[in-house]
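Have a look at the structure below, then the notes.
Proteins get letters first, then strands, A, B, ... in listed order; numbering begins at 1 in each. Just so you know, these numbers use all the heavy atoms, side chains as well, and skip hydrogens, waters and symmetry mates.
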2 protein chains.
Amino acid sequence: MLNDALGTGDGTRSAADQTHRIQEAIYDAIVEQRLPPGTKLSEAEVGAAFAVSRTITRRALHALAHAGIVTIERNRGAFVARPDPEEARQVFAARRLVEPDLTRSAARACTRADLARLRKHLDAEAAALKRDDRRTAIRLSGDFHLRIADISGNAVLARFLRDLTARTSLIVAIYGRSRASACGVDEHRELYEMLARHDEKGAPLAMLHHLDHIEADLDLGDAPDGAVDLAAILRGAAAPRD
Amino acid sequence: MLNDALGTGDGTRSAADQTHRIQEAIYDAIVEQRLPPGTKLSEAEVGAAFAVSRTITRRALHALAHAGIVTIERNRGAFVARPDPEEARQVFAARRLVEPDLTRSAARACTRADLARLRKHLDAEAAALKRDDRRTAIRLSGDFHLRIADISGNAVLARFLRDLTARTSLIVAIYGRSRASACGVDEHRELYEMLARHDEKGAPLAMLHHLDHIEADLDLGDAPDGAVDLAAILRGAAAPRD
DNA sequence: ATGCGGCTGATCGTATACAATCCATGCCTA
DNA sequence: TAGGCATGGATTGTATACGATCAGCCGCAT
């Protein structure tokens with residue numbers, strides 16, 4: 001599940017770390033877009049779902065809030081985050097800045113074993129697409145980027161990117177135009193080829209274009225469609241101004 | 001204190017948010033290098049110091065752990081993080097990647113009011129240095145970078161940088177060669193001049209050089225010098241090896 | 001009929017109690 | 001005397017109890 005390579009820092013997560021378990025479960029559910037933006041994450045409900053107390057649930061929700069994919073409102077509870085267009089632009093700006101550089105490092109550093117793993121990953125992506133397993137396809141698609149970050153060797157940036165990709169999932173869920181998965185596997189294959197050739201010029205450029213393509217599929221700019229209405233509804237049907 | 005601009009997301013932090021209060025207090029103490037790396041942060045002690053229960057203390061410590069400036073070891077407790085040389089290099093790599101870009105954005109976006117605030121900030125820095133107030137000088141020095149990030153308008157990256165600067169404080173505390181403050185105020189003034197001229201070429205370069213200078217003052221590579229001794233002292237004066 | 005005020009149920013915020021774990025000291029044995 | 005083991009104290013991990021706050025509902029007055 002790739003999270004091994006991007007853990008929160010403690011390596012001793014055997015079976016006792018309940019917090020981590022439900023944190024990952026919610027994280028995955030958000031990435032796979034099973035939990036739509038704005039969904040209420042009641043402490044009691046979440047706790048019951050995983051058979052843990054509110055203490056654990058709470059810690060997990062707070063951690064996710066720190067990662068930016070959950071919003072906590074005082075005395076109201078936790079919700080799956082609903083990034084506004086401005087935040088969406090900032091997330092993409094951050095990715096455009098960080099990922100090409102990570103890709104260049106990866107192009108330099110990638111070993112034969114890394115490439116083999118990437119190949120296997122691409123096959124899994126293709127397979128998921130082939131059998132119309134959209135959830136798996138989306139998750140693997142995002143994981144591909146994380147694997148590159150992982151190869152680059154900078155754990156600090158890789159960690160940051162992990163949060164950014166999760167937020168991207170939310171952004172795509174809200175503003176995505178096409179119902180296709182987040183990334184095309186073709187561009188991933190192209191990236192793989194460049195990495196395999198250790199092309200330190202081409203690979204970052206390919207990543208940049210790839211990100212541009214993802215962002216181009218978004219419909220930022222005008223009103224976020226149902227988002228504003230939904231917000232109004234959720235906050236008590238009080239019309240904001242007019 | 002600048003944190004207003006970089007809060008955790010909730011704007012309703014009036015007086016009830018105890019967690020935030022002690023989180024900021026510990027954060028500041030770490031940035032100002034009053035809490036050396038490796039210091040044990042006992043839940044009971046911290047809680048007593050701020051007159052809150054362990055619940056609150058715990059949440060604050062976990063949040064700081066997520067930011068990477070506190071390490072939590074299961075059943076052992078929380079400690080001020082002690083970044084190893086590799087992590088230090090990664091933090092600086094991340095800063096070299098992010099900050100020049102933020103600086104360029106700031107050079108483009110900065111208004112007269114922004115510049116006035118920066119000027120006032122520089123004066124405060126100079127004043128702190130003049131009266132040998134090392135703690136304040138260090139904190140303001142780091143805050144200067146955050147203010148630039150703030151001006152750039154990308155809150156996502158600004159938030160990331162906030163964590164990075166805090167970690168930088170720890171790195172300087174461990175590996176810093178000179179006992180001078182983290183950054184020279186002269187280079188900050190130079191940066192200010194470039195921002196004032198909206199120099200989108202020069203400002204990022206100046207920032208890059210500035211970061212290089214900070215990193216050049218570090219002594220990575222060999223053993224972390226006094227760090228090991230400090231750990232021994234804090235852990236009960238049991239001589240580690242010789 | 002409509003708007004306002006108090007009430008009730010539910011949810012969150014915080015504190016505390018209890019269990020589990022670890023570290024250290026001291027004793028016993030070889 | 002040195003090493004290993006058992007025990008005690010301290011600290012953290014988890015669960016739960018209680019108080020605070022908020023949203024929605026009902027009844028009343030206008």
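Counting to the nearest Å, the P atom of dT12(D) and the NE2 atom of H62(B) are 11 Å from each other. Put simply, CZ on F79(A) is 11 Å from C1' on dC12(C), counting in whole angstrom units. The CD-P distance, from Q18(B) to dG13(C), rounds to 13 Å in whole Å. Atom CD of E43(A) is separated from atom P of dT14(D) by 16 Å (rounded to the nearest Å). Straight-line distance from the CD1 atom of I72(A) to the C1' atom of dT21(D): 16 Å, rounded to whole Å. Computed from coordinates, the R59(B) CZ to dT14(D) C1' distance equals 16 Å when rounded to whole Å. Rounded to an integer number of Å, the gap from R54(B) CZ to dA17(C) C1' is 10 Å. Between the CD atom of E73(B) and the P atom of dA10(D) there is a distance of 21 Å, given to the nearest Å.
Comparing dG13(D), dC12(C), dC23(C) by their nearest atom to the side chain of R58(B) picks out dG13(D). Residue I56(A) places its side chain closer to dA15(D) than to any other of dT12(D), dA15(D), dC12(C). For N75(A), taking side-chain heavy atoms from C-beta onward, the closest of the listed nucleotides dC22(C), dT14(C), dC22(D) is dC22(D). Distance from the side chain of K40(B) is smallest to dT11(D) among dT21(C), dT11(C), dT11(D).
Where V52(A) and G77(B) each meet DNA chain D at their nearest nucleotide, the meeting point lying more 5' is that of G77(B).
Taking side-chain N and O atoms only, R76(B) has no distance below 4.0 Å to OP1 or OP2 of dT11(D). Considering only side-chain N and O atoms, S53(B) lies under 4.0 angstrom from the phosphate OP1 or OP2 of dA15(C).
Not one N or O on the side chain of S152(A) forms a donor-acceptor pair closer than 3.5 Å with the backbone of A106(A).
In plain terms, the two heavy atoms of A88(B) and L220(B) that are nearest each other are CB-CD2, 3.8 Å.
Taking a 6.0 Å sphere around CZ of R21(B), one finds it holds more than 12 heavy atoms contributed by other residues, nucleotides or ligands.
Within the cation-pi definition used here (under 6.0 Å to the ring centroid, within 45° of the axis), R162(A) qualifies as a partner of Y27(A).
Between R134(A) and E32(A) there is no salt bridge, since no side-chain N of the basic residue sits under 4.0 Å from a carboxylate O of the acidic one.
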